[in-house]
Amino acid sequence: MNYNFSEIEAKWQRAWRDSRAFRAVSGEDRPKYYCLEMFPYPSGSGLHVGHLKNYVPTDAFCRYQSMRGFNVLHPMGWDAFGQPAENEAIRRNRNPREMVPEYAAAYRETLIKTGCSYDWEREINSSHPGYYKWTQWMFLLLLRKGLAYRATAPINWCPACKTGLANEEVRDGRCWRCDSAVEKKPMPQWFFRITAYADRLLADLEKLDWSEGMKEMQRDWIGRSEGAEVDFAVEGDGPPIRVFTTRPDTLFGATFMVLAPEHPQVAALTVPERRAEVEAYVRQAQGESEIDRLNAERAKTGVFTGAHAVNPVNGEKIPVWIADYVLMGYGTGAIMCVPGHDARDFEFAKKFQLPIVQVVSRDGSTHELAAAEPGEGIAVNSGRWNGLATADFKKTISSWLQERGIGRATVHYRLRDWLISRQRYWGAPIPIVHCPACGEVPVPESQLPVLLPDVENYRPSGTGESPLAAIPDFVNTSCPKCGGPARRETDTMGGYACSSWYFLRFADPQNDNVFASRQALDYWLPVDLYTGGIEHARSHLLYARFWTKVLFDEGLLGFEEPFLILRNQGSLLALTPGRRPRSQEDGGDSGEKIVDWIVLKHDERKRIPADQVVWRWARMSKSKGNVVTPDEMIERYGADSLRVYEMFVAPFEDDVHWSEEGIQGSNRFVGRVWRWLQAARPFFRGDWRTARPGTTTPESRQVRRKLHQTVQKVGAQIETFQFNTAVAAVMELLNAIYSYAPIEKEALTEGLDPLVVSELAETLVLLMAPFAPHLAEEVWQQLGEKGSVNRAGWPAFDPEVAAAEAVNVMIQVNGKIKDKVSVPLDCDGETVKAEALGREKVRQLLAGRQVVKMIFVQNKMLSIVCR
RNA sequence: GCGAAAGUGGUGGAAUUGGUAGACACGUCAGACUUAGGAUCUGAUGCCGCGAGGCCUGGGGGUUCGAGUCCCCCCUUUCGCACCA
């Protein structure tokens, strides 16, 4: 009988819904387990099989945990606010308000069809007022704690998205979404002071079970660096120039200074006769794109301001230059230049013929420097500090500077504050009122949420202002403080605000009085297992950790880290049609990005001749036209087969080149399981556990051994996220079962113990349940078992049954395996030696030679060394 | 340039952490059953060799009775960071 998957899968999906099978009830006695996948933004392209590379294994894990007796919370929701959704709405000329729920519903349908065990009663949508009320509440909390502020600063402006971008959203000077070159634009915008938490965000990484690579990315992004700030007095009047350096021990080698072109002191420092030149350079630097400035390969440029500063350690006058290799955004925007020991300063000094002095040496001697020597060593040419080792010198000089009030040891971070303002429609309005009398006034909590108005035109204004600014009914309001006329803030919050706390909301998603009750939070949180793509390494995960710490500090949470274990799934790649770029598209001489392949646009599909199409592997996405949908796979092979394939095809973390050939193998496996269980069903005895097998043939013992070994293996491997080998283990077991009890035998039990067959059948169903839950439920019911298999206990394994009776011990002669002997488990060395030396083959090899030594490893190997 | 991970059959991938390399699967080949089969079942399948046997984990050294696994050098790929002072 073939497996009618479409009927059976529909039956159980209905049954799970009707029985609320995956509802998580807070406060139960069973230990809780909170398992979460990064919630998706619902796009029009729908889910593709690539999404399931995450959802399916994580679901198998949840089902396994449920069978082990955990009270599992496995929720799903929609990251519905933000530009992806808004851009899609614009493209389709839809209102996101109507479009998003449709898309979410489609996602939900597909996820239900895959048999994923979500508690849909906890579904959340971040664009729903009941949700974003609390996003706004979080904003006010940050504001109250001094962690939100408004500042006019040059921000990353994406001209295509017409909005500001946080630093984390800029890659190689380009917008992460649309790849446009990012510009700098000064605008008043809201920021969150994440830098205040830099040290804790860095230190607490140690507590987390995340991949080392992931932690390293966060460390890089936070970019802690220890050093010193030093004030250089300026010749004449004017405030000193403050620099940051990680090498205060090289102060004696500082022969000039460089300021970023945007540095606020530039104008004041520049002498009149150099003004024209300096201003021209500043203008030129401003006109450059971020991409140009980020290019480290190009030659150094700069101009002299005419001003001099005084090196505080030796009183020497040193020239002050400006150059675009110094960035305003890091440190103080000014540096002391030590050409002898910094490659960039060396290059600059060579070009502009500035003096180069050696102040660090390996052995205390000095020599002509052919290149910068950035390493540590012993101080030379450093006055009374000569001879000090770098580390000691750093400490000494820092205190020396501090005593004189001209410097101090400091720590700088690469991390910038989080730009939250978006000049876009589709986001949570920032709950602030601008009052001419009172200034920036927070909207009182009782007036939350500040509703996003329903509008006709939600497109970006083009002026840089939010579309909300064009809606008088929204903008014009009264000041909550003085009651006078005032204007609402028209920026909305970037999507990352919503995703920085959603994992808390799942604990108590309907609560209207608080973002989640403390009781529910204490029961469910923190998230025990979090899974998602590596692309969120620095943005989402950093922000969510930041908000969690703020809430902890406020006493609202009892934990400081939201995601204890993090696993990152690989993506699915699909063959994607593209073409060679045309000459004007290859970057030419202006663009640095070398493109050698461009995805075919929709209209190009038919136009381009087949022989000009170039196929490449690329991540699945609708825009690339290479998606395979779960729906079509489920239609053809069933959800269980698709699930098995997604897990079996490769390790969880690995990228996969999608092909349909593999899924047929999984389909075959599922069918084999089904057919064997159907054949075994008539002989099934529910009392096998108590009725004890009467006959124990060697074959029975062997297959039971395999069974118990498999139970152990599958559990252990699900726990370590090795789903591919866990599935393989069940396949091995099935092969063993087929040779023990082939279906074609007239009677499956002929010559077999029906109790053994029963044990095999029941345990096989349980082992299949996390992977192929529909099949498992169906057979579970057929076998006359009560309740959902998802609540049946995970099978126990008996170590005695699982233990091997005999083992093959390898015999090595001079390091090469020559023979093997089969001996009982844990057989002692002497017996094995005697056995081995008696073997004809071994005797021949040892003839005329002298045995030097023998090494015996129990159950593994006997190594004979001879001369 | 810096940092991280990885390189195993025709393919996806296993390998208890130093002890039978290639589990499991795809593909291929052969057989069985079939009116038929893109179904099912059985078997074979790293490479060279008729064979005995020899050779195989990116390349080259080393440690060891024994190395895919540990150490050193090199090559390649992927990812992250990068004029960060």
Side-chain angles (χ1 to χ4, degrees), chain A residues 2 171-172 211-221 223-225 227 243-247 250 254 257-258 260 293-300 323-327 329-338 341-345 347-348 374 412-415 534-535 537-538 644-645 648-651 653-666 668-669 671-672 675 713 716 722 724-735 738-739 742-744 807-817 819-820 852-866:
Chain A
N2 278 326
R171 283 167 182 258
D172 301 328
S211 75
E212 211 27 62
M214 201 69 163
K215 290 192 200 181
E216 201 54 41
M217 276 192 241
Q218 293 230 330
R219 283 189 204 108
D220 281 351
W221 195 252
R224 180 192 157 93
S225 90
V243 303
F244 173 71
T245 177
T246 54
R247 294 294 299 272
T250 60
M257 300 183 81
V258 173
R293 286 199 61 176
L294 283 169
N295 182 0
E297 301 300 312
R298 64 190 187 142
K300 298 272 177 291
D324 63 6
Y325 82 93
V326 175
L327 309 173
Y330 186 79
T332 62
I335 61 169
M336 66 175 211
C337 298
V338 185
H341 305 283
D342 180 284
R344 297 153 299 179
D345 297 345
E347 189 191 335
F348 196 81
H412 269 264
Y413 295 94
R414 202 184 91 93
L415 183 67
I534 195 139
E535 64 274 15
R538 51 192 202 197
V644 167
Y645 180 59
F648 178 70
V649 65
E653 306 78 20
D654 286 12
D655 286 349
V656 171
H657 298 89
W658 176 266
S659 89
E660 221 183 295
E661 284 174 349
I663 192 174
Q664 291 172 18
S666 299
R668 214 168 291 166
F669 166 66
R672 265 162 68 84
R675 283 190 302 277
K713 214 185 224 178
Q722 296 168 280
N724 57 331
T725 51
V727 171
V730 183
M731 289 176 169
E732 270 189 72
L733 171 67
L734 188 68
N735 290 341
Y738 265 76
S739 22
I743 293 177
E744 314 92 295
V807 289
N808 282 331
V809 172
M810 297 300 118
I811 298 164
Q812 275 187 4
V813 177
N814 282 350
K816 299 239 177 204
I817 288 158
D819 203 356
K820 62 185 172 190
V852 180
K853 62 173 167 178
M854 289 202 259
I855 295 143
F856 175 67
V857 182
Q858 196 170 61
N859 299 329
K860 292 268 158 74
M861 127 130 34
L862 176 70
S863 187
I864 302 168
V865 189
C866 61

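A note on names: the letters A, B, ... follow the listed sequences, proteins ahead of strands, and every chain is numbered from 1.
- Between F244(A) and Y330(A), the angle of the ring planes goes over 60°, which puts this pair in the perpendicular group of the 30/60° scheme.
- Proximity of M336(A) to T250(A): side-chain heavy atoms (C-beta onward) are separated by under 4.5 Å at one or more points.
- For rG38(B), its base never sits under 3.5 Å from the side chain of Q664(A) at any donor and acceptor pair.
- Using modelled atom types, no side-chain atom of D324(A) and backbone atom of A260(A) make a donor-acceptor pair closer than 3.5 Å.
- Atom NZ of K215(A) has more than 12 neighbouring heavy atoms from other residues, nucleotides or ligands inside a 6.0 Å radius.
- Residue M217(A) has its side chain nearest to rG80(B) when only rG80(B), rC83(B), rU20(B) are considered.
- Rounded to whole angstrom, the span from the CG atom of D345(A) across to the C1' atom of rC83(B) amounts to 10 Å.
- A straight line from CD1 of I663(A) to C1' of rG38(B) spans 15 Å, rounded to a whole angstrom.
- Because its NZ or CZ atom is not both nearer than 6.0 Å to the ring centre of F348(A) and within 45° of the ring axis, K300(A) does not count as a cation-pi partner of that residue.
- For L327(A), whose side chain is taken as the heavy atoms from C-beta onward, the closest listed nucleotide among rC83(B), rA25(B), rU42(B) is rC83(B).
- Of the side-chain N and O atoms in R668(A), one or more sit less than 4.0 angstrom from OP1 or OP2 of rG27(B).
- Separating the CD atom of Q218(A) from the P atom of rG3(B) is a distance of 21 Å, rounded to the nearest angstrom.
- V857(A) comes within contact range of at least one nucleobase, with a heavy-atom separation under 4.0 Å.
- Across rU78(B) and rU63(B), the matching C1' atoms stand 31 Å from one another, rounded to whole Å.
- At least one side-chain nitrogen or oxygen of N735(A) sits closer than 4.0 Å to the OP1 or OP2 atom of rA25(B).
- Of the side-chain N and O atoms in K713(A), none sit less than 4.0 angstrom from OP1 or OP2 of rA14(B).
- A donor-acceptor pair under 3.5 Å is formed between the side chain of S211(A) and the backbone N or O of M214(A).
- Of all nucleotides listed (rG19(B), rC83(B), rC24(B)), rC24(B) comes nearest to the side chain of M731(A).
- Here the CG-OH distance, from N724(A) to Y645(A), works out to 12.5 Å after rounding to the nearest 0.5 Å.
- Residue I817(A) is in sugar-phosphate contact alone, with no base atom involved, counting any heavy-atom pair closer than 4.0 Å across all strands shown.
- Nucleotides of RNA chain B nearest to N808(A) and S225(A) differ in position, and the one nearer the 5' end is that of N808(A).
- With hydrogens and angles disregarded, a donor-acceptor distance shorter than 3.5 Å links the side chain of Q218(A) to the backbone of A537(A).
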Please produce a list of atom pairs where a protein N or O lies less than 3.5 Å from an N or O of nucleotides 8-13 of chain B.
from, atom 1, to, atom 2, distance (Å)
rG12(B), O2', V649(A), O, 2.7
rG13(B), O3', N724(A), ND2, 3.4

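- K853(A) has a side-chain polar atom (N or O) that falls below the 4.0 Å cut-off from OP1 or OP2 of rC65(B).
- The side chain of R675(A) lies closest to rC41(B), out of rC55(B), rG19(B), rC41(B).
- Separating the CG atom of D220(A) from the P atom of rG1(B) is a distance of 18 Å, rounded to the nearest angstrom.
- Taking atom P in both rU11(B) and rG59(B), the straight-line distance is 15 Å, to the nearest Å.
- Remark: C1' of rA85(B) and CE of M257(A) are 11 Å apart, rounded to the nearest angstrom.
- Nearest-nucleotide assignment on RNA chain B puts the 5′-proximal partner with S666(A), out of G329(A) and S666(A).
- Of the candidate nucleotides rA25(B), rA85(B), rA15(B), rA15(B) has the atom lying nearest to any side-chain atom of Q722(A).
- Protein atom CZ of F669(A) is 12 Å distant from nucleotide atom P of rC41(B), rounded to whole Å.
- When atom types are taken as modelled, the side chain of R247(A) and the backbone of P374(A) share a donor-acceptor pair closer than 3.5 angstrom.
- Taking atom NZ of residue K215(A) and atom P of nucleotide rA4(B), one finds them 15 Å apart after rounding to whole Å.
- By the 4.5 Å heavy-atom criterion applied to side chains, E732(A) and K713(A) are counted as neighbours.
- In this structure, R672(A) forms a cation-pi arrangement with Y738(A), its terminal cationic atom sitting closer than 6.0 Å to the ring centre and no more than 45° off the ring axis.
- The listed nucleotides are rA23(B), rA85(B), rC83(B); the one nearest the side chain of A728(A) is rA23(B).
- If you take CZ of R224(A) and P of rA85(B), they are 13 Å apart, rounded to a whole angstrom.
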Discussion item. Only Watson-Crick and G-U wobble pairs with both distances less than 3.5 Å should count. Give RNA chain B in dot-bracket notation, marking inter-strand partners with |.
Written reply: (((((((..(((......[....)))((((((.......))))))(((....)))..(((((..]....))))))))))))....
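- When the side-chain nitrogen and oxygen atoms of R219(A) are compared with OP1 and OP2 of rG80(B), none of them lie within a distance under 4.0 Å.
- With distances taken from any side-chain atom of Y738(A) to the nucleotides rC41(B), rA25(B), rA85(B), the minimum falls on rC41(B).
- A gap of 10 Å separates the C1' atoms of rU45(B) and rG9(B), to the nearest Å.
- For E732(A), whose side chain is taken as the heavy atoms from C-beta onward, the closest listed nucleotide among rG19(B), rC41(B), rA23(B) is rA23(B).
- A close approach under 4.0 Å does occur between a side-chain nitrogen or oxygen of R672(A) and OP1 or OP2 of rC41(B).
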Item to complete: Apply ring pair (Phe, Tyr, Trp, His ring centres under 6.0 Å) to the pair W221(A) and Y413(A), showing each step before the final yes or no.
Response: CA-CA 9 Å; W221(A) 195 252; Y413(A) 295 94; over 10 Å; no
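- At a threshold of 4.0 angstrom between heavy atoms, the contacts of G223(A) with the nucleic acid are absent.
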